[in-house]
Amino acid sequence: MRLHTAAIDKSRTRRFLDAVNIPLLVWTVALLVYGSIMVTSATSGMAGASALARRHVVGIAVGLVPLGVAWLIDYTKLKHWSGPLMILFALLLVSPRIPGLGDTAKGATSWLQIFGVRLFQPSEPAKLVFIVIMAALISEYEGKIDTPRDAARVLGYLAAAVVLIMLQPDLGTGLVFVGITAAMLLVGGMKGRYFAVLALVAALGVVGVLGIDSTLDRMAGHDVALKDYQKDRLLVFIDPGRDPAGAGYNLAQSKIAIGSGGVSGTGLGSGTQSNLHFLPERHTDFIFAVLGEELGFTGAVVLLGLYLALLVTSLAIATSSRDLYGALIVAGVMGMWLFQILENIGMTVGIMPITGIPLPFMSFGSSAMVTNMGAVGLLLSVWSRRYGT
Amino acid sequence: MATQPQDLKSRFAALGAVVIIVLTVLLIRLWSMQVLSGDRYAALAKNNRIREISLDATRGRILDRKGRALVTNRATLAVSVDPANEKVRDLIIRAQSADTDDDPTRAELEEAFGALATMLHMTPQEVFAKVADSKVEALRPRVVAVDVPLDVVAQLAERSQDFPGVRIEETSVREYPYGSVGAHVLGYTGEISEAEFAASDPTSGYELGDIVGKAGAEAQFESVLQGDKGRRLIEVNASGKPQRIIDEQPPVTGRDVRLTIDIDVQKVAEEQLAAALTEAHRQNFNKAKAGAAVVLDVTTGEVVAMASAPSYDPQVFLGGISEAEWKKLTDKASEYPLNNRAIMGAYPPASTFKVVTGLAGLDAGITYSGKSYYCPGKWTEMGAQWPKWCWKHSGHGTISFEGGIEESCDTVFYEIGYQFYQREKEELQAYARKFGLGSATGIDLPGEVKGRVPDAAWKKKFNEKYPEWQTWLPGDTVNIAIGQGDLLVTPLQMASVYAGVANGGVVMRPHVLKDVLDSEGKVARSYTPQELSDVGASSDDLGIMRRALVRVTETGTGAGAFRGFGVSVAGKTGTAQVAGKDDYAWFCGFAPADKPRYAVAVVVEQGGHGGSVAGPAGRNILAKLLGEPIKEVHTTDVSR
């Protein structure tokens with residue numbers, strides 16, 4: 001309230017500029033343009049290429065809605081909505097498991113038109129819901145999580161979310177949850193030695209999941225929980241020589257594509273590896289491989305530079321937040337982006353296991369696009385309310 | 001900030017450090033791969049020895065409502081020519097180049113494909129036309145013939161040196177255990193066209209040369225029937241020759257689709273349509289060559305049978321249709337047998353439309369049960385200079401509203417139509433639209449037409465260039481009232497109207513999909529019946545109309561066709577006038593009249609009279625559905 005009278009004195013433009021974080025918008029738009037160029041290049045020569053490029057742009061346009069909505073919502077109000085948000089979160093993650101959800105109501109005619117085509121992946125928006133829930137939880141400790149009991153409670157929430165996502169099962173998104181939580185706990189003031197415990201538990205968890213899953217598969221006589229291909233991907237990461245043409249095929253082809261790009265790349269649309277169909281999923285999860293081949297190290301540096309700018313701007317917004325809760329939301333979004341960048345680019349260059357995680361703002365796919373635009377909206381909400389209302 | 005600023009600052013710094021570390025790690029890795037080892041990877045890329053080839057999935061089957069396979073697959077031997085063969089490749093490149101001087105000569109084609117062509121009973125030019133087809137993916141073997149007899153296969157294999165690039169492959173083609181029965185509903189398959197390929201969903205993985213559904217259920221349910229392609233990774237040597245299979249992901253067979261069609265009823269419907277054509281010829285309507293019949297389940301909208309004449313044999317499309325066959329199927333002289341007239345044919349409904357006019361009149365209070373009319377034969381209400389004739393020129397004399405339905409008296413409906421005109425609200429057209437006329441029913445089959453319900457706005461637009469024809473006249477409404485004028489309906493729409501009357505005024509959306517089965521043959525998803533529209537007719541009015549329609553088959557214009565029929569039928573005959581053609585014969589109805597289950601619509605183009613040509617066909621189709629004996633009926637009808 002202190003600043004309220006001052007705000008009235010400011011001109012309209014001035015107030016608008018205050019509400020908008022110009023650098024954040026600039027970096028976002030730059031990434032979206034870069035992504036659209038790469039998707040267009042990656043899809044050229046595929047069946048229905050122009051339709052695909054158009055769908056990418058439509059995804060961006062649709063993303064403006066969650067961006068605007070998240071911006072307009074006073075994020076401080078979200079703090080009191082944890083209960084309903086948890087129900088929403090659970091519904092989002094469980095919904096793909098409910099047979100025929102939303103389809104029977106529309107009848108078979110419309111269902112056939114969308115047959116086999118997912119409307120959206122609920123696990124994507126669930127990431128934002130998760131961030132908001134965790135921010136409310138962690139902010140309760142007012143920046144100090146130093147008893148095992150407190151740490152256990154926070155990690156318990158994370159564990160519950162991971163269990164829910166493994167129902168699908170979607171290992172990649174589960175790991176994103178861990179990345180989000182780690183970033184939030186860092187800002188939320190968890191004791192250093194608990195991080196070591198977290199890392200240990202995560203590592204043991206992956207090994208344990210693999211072990212338990214194999215046992216479960218044997219007991220059930222068929223594939224339960226983790227799919228065999230998911231296990232293969234993890235095992236290939238641990239031992240790349242295991243099967244260079246089978247599960248290791250994607251990795252090998254992607255590395256060849258990126259490596260052969262050299263310093264300046266082969267030029268947009270003329271990547272031989274991607275155009276000769278060697279590169280799988282080249283417009284979605286492996287978009288970076290196309291970028292690496294066609295635009296080379298130069299193009300990769302530009303992309304990493306844009307990500308750096310985006311994350312530094314986000315950090316500035318976190319610092320300016322009027323409360324810890326807002327800072328935690330920003331930290332969560334940063335954790336989400338950073339982890340996805342690390343995992344996606346990392347897998348294409350062979351330093352991370354292959355999981356289906358899209359590259360923020362770059363990969364084709366509306367669910368992720370809409371989610372990331374919504375995340376930008378959340379950041380703007382924190383920024384524009386930094387002085388209080 | 002509410003909490004210790006000092007503490008938080010260091011935590012933000014730590015988060016910033018994590019960002020820097022992660023991006024730096026990626027940067028270093030990229031530096032090492034792209035800048036330091038770039039040349040090594042470039043060499044690897046050049047020698048990339050792994051090739052991916054896709055494996056076609058078997059198409060799902062199409063079953064009838066009782067699970068009998070209507071379209072299935074059978075393995076067959078196909079002869080194809082490999083475009084990678086040097087000699088063949090040279091000919092293809094020369095044929096496809098812009099330079100026509102360079103085209104392969106007759107002698108060259110004779111030399112390359114002469115022996116093969118003789119064995120396949122083709123000409124060398126025909127063989128080469130398939131080999132040089134630019135629509136097929138460059139490296140895919142070109143199928144020249146399927147269903148090649150075993151002795152031919154044996155000879156080709158023995159003397160393989162004489163046949164450059166020729167390969168024998170086992171392939172799977174569509175099989176039709178019931179021959180051409182249901183051809184229009186089932187549709188046919190063919191190679192994906194360039195336009196279809198460009199428009200396809202990229203994630204579906206189509207390639208040029210793929211076989212896709214082209215018409216009917218095959219096209220409508222393509223995404224379900226298609227299945228998922230497999231892929232095989234093969235290692236090749238420097239010259240591109242396959243060395244070994246490295247990895248194989250088997251294709252996933254498409255899903256089976258169960259239709260609402262009952263193949264037994266379908267067969268009878270097609271036979272009866274053919275019989276109606278014969279009967280028309282017997283009555284000297286010699287131009288009768290085409291028609292359609294539809295059977296609907298009135299409570300669900302399920303299409304139990306849908307026949308269209310003339311028909312075609314879907315087998316001619318296997319392995320690519322020849323140009324001569326295609327010409328025959330798309331020629332006017334053969335009456336366009338590929339068209340499914342049940343949904344693509346738009347006809348004036350004639351007297352079968354009197355059900356709509358009658359219910360609209362009852363609803364508007366223009367007429368009522370037992371209302372008395374006088375039919376002088378020549379009706380001059382619109383003025384002596386605009387006379388309209390009842391089909392019975394001598395007149396029906398004094399006749400009730402119900403009698404007007406029973407005897408199909410035009411005068412009764414002229415009167416009703418004229419009153420609608422005078423009310424100036426286009427209520428008759430609005431009522432027809434409530435039954436779904438004038439717009440597509442939305443049936444799950446491609447190519448449905450909308451038909452037309454004319455009104456003043458339409459007439460004005462239609463005659464844009466002729467101002468003197470733009471005014472809506474009383475005669476226009478009067479013509480609609482007897483189902484003539486500019487009114488156009490499809491047989492499916494008309495069956496839906498009668499199904500709606502039978503179903504308490506609720507029209508269900510007609511559909512052919514019953515369910516989709518999973519790989520174990522269990523139902524994966526079922527079609528949920530949907531309401532297309534609720535006409536909002538009162539049960540009193542519907543009762544009046546139903547009783548009048550029963551009188552049609554008992555003592556009226558349909559009595560001849562239904563003599564001796566064991567179940568009470570509500571029906572209506574129609575005889576449509578079409579400029580420059582012989583009359584079109586109609587029959588629409590539903591049965592059992594008191595507890596309706598099925599609605600049927602039959603139309604015979606240029607077949608003459610509804611009661612004697614379409615009526616008997618409708619009778620026998622209903623007989624099949626209700627367990628009554630089917631019998632040949634010869635009767636006379638002079639009504640419209």
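Labels below follow one simple rule: chain letters A, B, ... track the order of the sequence lines, proteins then strands, and each chain is numbered from 1.
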Discussion item. So does A:Val349 get a backbone contact from the side chain of B:Arg29, meaning a donor-acceptor N/O pair under 3.5 Å?
Written reply: yes
Fill in: Atom group of A:Leu311 that falls short of 4.5 Å from chain B, counting heavy atoms
side chain
Practice prompt. Compare all side-chain heavy atoms of B:Val22 with those of A:Ile341 and state whether any distance is below 4.5 angstrom.
Written response: no
Worksheet entry | Top contributor to chain B interface from A:Ala300, A:Ala183, A:Gly292, A:Gly189 [non-hydrogen pairs under 4.5 Å] | A:Gly189
Worksheet item: Checking heavy atoms, do the side chain of A:Tyr325, its backbone, both or neither come under 4.5 Å from chain B?
Response: neither
Discussion item. Among B:Asp39, B:Leu26, B:Ile20, which residue has the highest count of heavy-atom pairs closer than 4.5 Å to chain A?
Written reply: B:Leu26
Item to complete: State whether the number of non-hydrogen atoms from other residues, nucleotides or ligands found under 6.0 Å of A:Trp27 atom CH2 is greater than 12.
Response: no
Worksheet item: Does the side chain of A:Phe288 come within less than 4.5 Å of B:Leu30's, by heavy atoms?
Response: yes
Response to the item:
If one checks every heavy atom of A:Leu315 against chain B at 4.5 Å, the contacting part turns out to be side chain
Practice prompt. Apply the test side-chain contact (heavy atoms from CB on, under 4.5 Å) to residues B:Leu23 and A:Leu342: give CA-CA distance (whole Å), side-chain angles for both, the deciding distance (0.1 Å), then the verdict.
Written response: CA-CA 8 Å; B:Leu23 295 180; A:Leu342 170 67; over 6 Å; no
Worksheet item: In chain order, what residues pass the salt bridge (charged side-chain N to carboxylate O under 4.0 Å, His left out) check against A:Lys79, with sequence neighbours excluded?
Response: none
Discussion item. Before you tell me yes or no, could you show the steps for A:Val301 and B:Leu27 under side-chain contact (heavy atoms from CB on, under 4.5 Å), namely the whole-Å CA-CA distance, both residues' side-chain angles and the distance that decides it to 0.1 Å?
Written reply: CA-CA 7 Å; A:Val301 169; B:Leu27 194 68; 3.8 Å; yes
Worksheet, complete the sentence: Rounded to the nearest 0.5 Å, the CD1 atom of A:Ile351 sits from the OG atom of B:Ser32 at a distance of 10.0 Å
Discussion item. Within this structure, what is the CZ-CG distance for the pair B:Arg11 and A:Leu185, rounded to the nearest 0.5 Å?
Written reply: 10.5 Å
Worksheet entry | Validation row: B:Leu15, A:Val187 side chains within 4.5 angstrom (heavy atoms) | yes
Discussion item. I'd like to know if the side chain of B:Gln34 reaches the main chain of A:Ser260, judged simply by a donor and an acceptor atom lying under 3.5 Å from each other, with no hydrogens or angles considered.
Written reply: no
Fill in: Gap between atom CZ of B:Phe12 and atom OG1 of A:Thr319 - 0.5 Å precision
5.0 Å
